[in-house]
Q: 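Have a look at this one.
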There are 2 protein chains.
Amino acid sequence: MTAPAAGRPEGYDPYAFEPFAVTVDLAVFTVRDERLHVLLVERGQEPFRGAWALPGGFVLPQESAEQAARRELAEETGLLPRTVAGLHLEQLRTYSDPDRDPRMRVVSVAYTALVPDLPEPRGGGDAARARWTPYGTDGPLAFDHERILADAHERIGAKLEYTCLATAFCPPEFTLGELRQVYETVWGVALDRPNFRRKVLTTPGFVEAVEGPPRRTGGRGKPAALYRAGAASALHPPLLRPEGRSS
Amino acid sequence: MTAPAAGRPEGYDPYAFEPFAVTVDLAVFTVRDERLHVLLVERGQEPFRGAWALPGGFVLPQESAEQAARRELAEETGLLPRTVAGLHLEQLRTYSDPDRDPRMRVVSVAYTALVPDLPEPRGGGDAARARWTPYGTDGPLAFDHERILADAHERIGAKLEYTCLATAFCPPEFTLGELRQVYETVWGVALDRPNFRRKVLTTPGFVEAVEGPPRRTGGRGKPAALYRAGAASALHPPLLRPEGRSS
DNA sequence: TGCTTTATAGTCAGAATGACTTTAAAGAAC
DNA sequence: GTTCTTTAAAGTCATTCTGACTATAAAGCA
């Protein structure tokens, strides 16, 4: 309105304005031991030294936010970049409150990643430690990461309804029981097994049966047939969670 | 990884890195003359001087991206800030390709706004001109705005399915025919009138009838009853568009 | 040899949807 | 003024989808 930056500045002098820092933050979810877990790192520096936070870091001058997110994810989890390249990574939203970082203006692009159960992370990079934490048991997180995490949880819960995203939580071959576990864990509800099975199998392209009917001895109970993720990405009609309302 | 900014930098010196500029871009939609229109501005400066672009501008040091988006929207449309405060504004996603602006590193947070049919904008601020353009007839836009606009269109199309968002396109009181027009215009399909009516009226909280049955003489045809937007924000079950697939 | 657990195959009623038909009430064409 | 066209609004009917259940099969465990 009145400040010089209200329009695109004449000369585009990169140093004419107080600079913004741009970071990425990652809400990485997995299903482990029938509970939803989030990847958290312990901060090694002030502010919030010793507090837990979402993994993340600065976007470098020559990379996009998504490239930065994948790089950080590889660093924090110790996964091979090749593996990280195949993971489901989705931009959540951007957090830009002027006071969200006490030191300077930091705008953060948040991403959500869904991964199958992975080995324990090796606190890489600048993070003191990294670990999988059951969702909900995380104490207060640094910065506005509590809010980001809540937004991410809401988003994946909603996306399970109308996309085939749930398979991203599963290993390459999985049983319908494992797939159902994903829904039950993220939504926090119990689903009727026969109905879930019917819905998944009658949705074209959601899953495809693995050929020579091998069976998995998960633990107790009758062995189950194995499936792979299908070619579809959307669910029509959607698989709505019980109780109606989203979020 | 190797660059100094891979982790949070020690001193947080705001000038230690090549600065990023942070902007907002707005995809503002309205339904006018049974067609979907987008608010575009003509660029008054290089690059892309004379080309059409989405309205937008820099985020000021003391405002959030959403505040910047509302400020820019008020400037470009000539609407009162009080009016703009009530409009539906939704963050779309952030575009951060390193080369999206030829001059410097610009990260842009895109927003989508849905407005009722508004008066012609008065090319305010730094934009040479501003106008409503039928969606699809916009020539090539500046920067990556073509892509942003396509993403925005896909997003609102999807949100019409499972939210009550369509009422944001309508004036405070509207007929079911006008509401159906919104769906048909955004989706580009014809909907069965009786079925649409049944769906809307049986969804609790989608719309509420205006009391003393006034009627609108839109043009030809039987006058229709008026409705207001209801209290609900989500649609359960959703109103799926014909043909299944999203986007 | 039973429990308990999980997979898998069905059944059945109610809800939701898609395709239509019909009547009513306006403006436009003649 | 009569007829045609357009839109609103009410209602029908068959199909599909879903939620709630029952039943059987195949494993591990006590």
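In what follows, chains carry the letters A, B, and so on, assigned in the order in which the sequence lines appear, proteins first and then strands, with residues in each chain numbered from 1. When reading the values below, keep in mind they use all heavy atoms of this one structure, side chains included, and skip hydrogens, waters and symmetry mates. The shown structure was predicted, so the numbers you read here are calculated from the model rather than taken from an experiment.
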Q: Report the residues that fulfil salt bridge (Lys or Arg N to Asp or Glu O under 4.0 Å) with B:R155, sequence neighbours left out, ordered by chain and then residue number.
A: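 B:R155: salt bridge (Lys or Arg N to Asp or Glu O under 4.0 Å) contacts with B:E90.
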Q: Got a sec, which residues hit side chain to side chain donor-acceptor pair (under 3.5 Å) with B:T185, two or more places apart in sequence or on another chain?
A: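 Testing B:T185 for side chain to side chain donor-acceptor pair (under 3.5 Å), a comparison that skips the adjacent residues, returns B:Q181.
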Q: For B:W187, check ring-ring contact (aromatic ring centres under 6.0 Å, His included) against everything at least two apart and list the hits.
A: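 B:W187 satisfies ring-ring contact (aromatic ring centres under 6.0 Å, His included) with B:Y183 once adjacent residues are dropped.
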Q: Produce the list of close N/O pairs, under 3.5 Å, pairing protein atoms with atoms of nucleotides 5-8 of chain C; give distances to one decimal.
A:
from	atom 1	to	atom 2	distance (Å)
C:dT6	O2	A:K222	N	3.2
C:dA7	OP2	A:R180	NH2	3.2
C:dA7	OP2	A:R193	NH1	2.9
C:dT8	OP1	A:A225	N	2.9
C:dT8	OP2	A:R197	NH1	2.7
C:dT8	O5'	A:R197	NH1	3.4
C:dT8	O5'	A:R197	NH2	3.2

Q: Residues in side chain to side chain donor-acceptor pair (under 3.5 Å) with A:T30, at least two apart?
A: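 Here no residue qualifies.
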Q: Restricting to side chain to side chain donor-acceptor pair (under 3.5 Å), what partner residues turn up for B:D97, sequence neighbours left out?
A: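 Result, side chain to side chain donor-acceptor pair (under 3.5 Å) vs B:D97: none returned.
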Q: Who are the salt bridge (Lys or Arg N to Asp or Glu O under 4.0 Å) partners of B:R197, not counting sequence neighbours?
A: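 Listed in chain order: nothing, the list is empty.
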Q: Report the distance from atom CG of B:L179 to atom C1' of D:dA8, rounded to the nearest whole Å.
A: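 Between C1' of D:dA8 and CG of B:L179: 14 Å.
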Q: Are a donor atom and an acceptor atom from the side chains of B:Y95 and B:D151 found within less than 3.5 Å of each other?
A: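 Indeed, the side chains of B:Y95 and B:D151 share at least one donor-acceptor pair under 3.5 Å.
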Q: For B:D192, enumerate each residue passing the salt bridge (Lys or Arg N to Asp or Glu O under 4.0 Å) test, keeping only those at least two apart in sequence or located in another chain.
A: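 By the salt bridge (Lys or Arg N to Asp or Glu O under 4.0 Å) rule, B:D192 matches no residue at all.
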Q: Taking only residues two or more places apart in sequence or in another chain, which ones pass side chain to side chain donor-acceptor pair (under 3.5 Å) with A:E146?
A: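 Listed in chain order: nothing, the list is empty.
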Q: Among residues at least two apart in sequence or on other chains, which ones pass salt bridge (Lys or Arg N to Asp or Glu O under 4.0 Å) with A:R131?
A: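 Testing A:R131 for salt bridge (Lys or Arg N to Asp or Glu O under 4.0 Å), a comparison that skips the adjacent residues, returns none.
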Q: What residues from residues 184-192 of chain A pass a heavy-atom cutoff of under 4.0 Å to DNA chain D?
A: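 Those residues whose heavy atoms fall under 4.0 Å from DNA chain D, taken from residues 184-192 of chain A in numerical order, are A:D192.
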Q: Where do N or O atoms of nucleotides 14-18 of chain D meet protein N or O atoms at under 3.5 Å, pair by pair?
A:
from	atom 1	to	atom 2	distance (Å)
D:dT18	OP1	A:K199	NZ	3.1

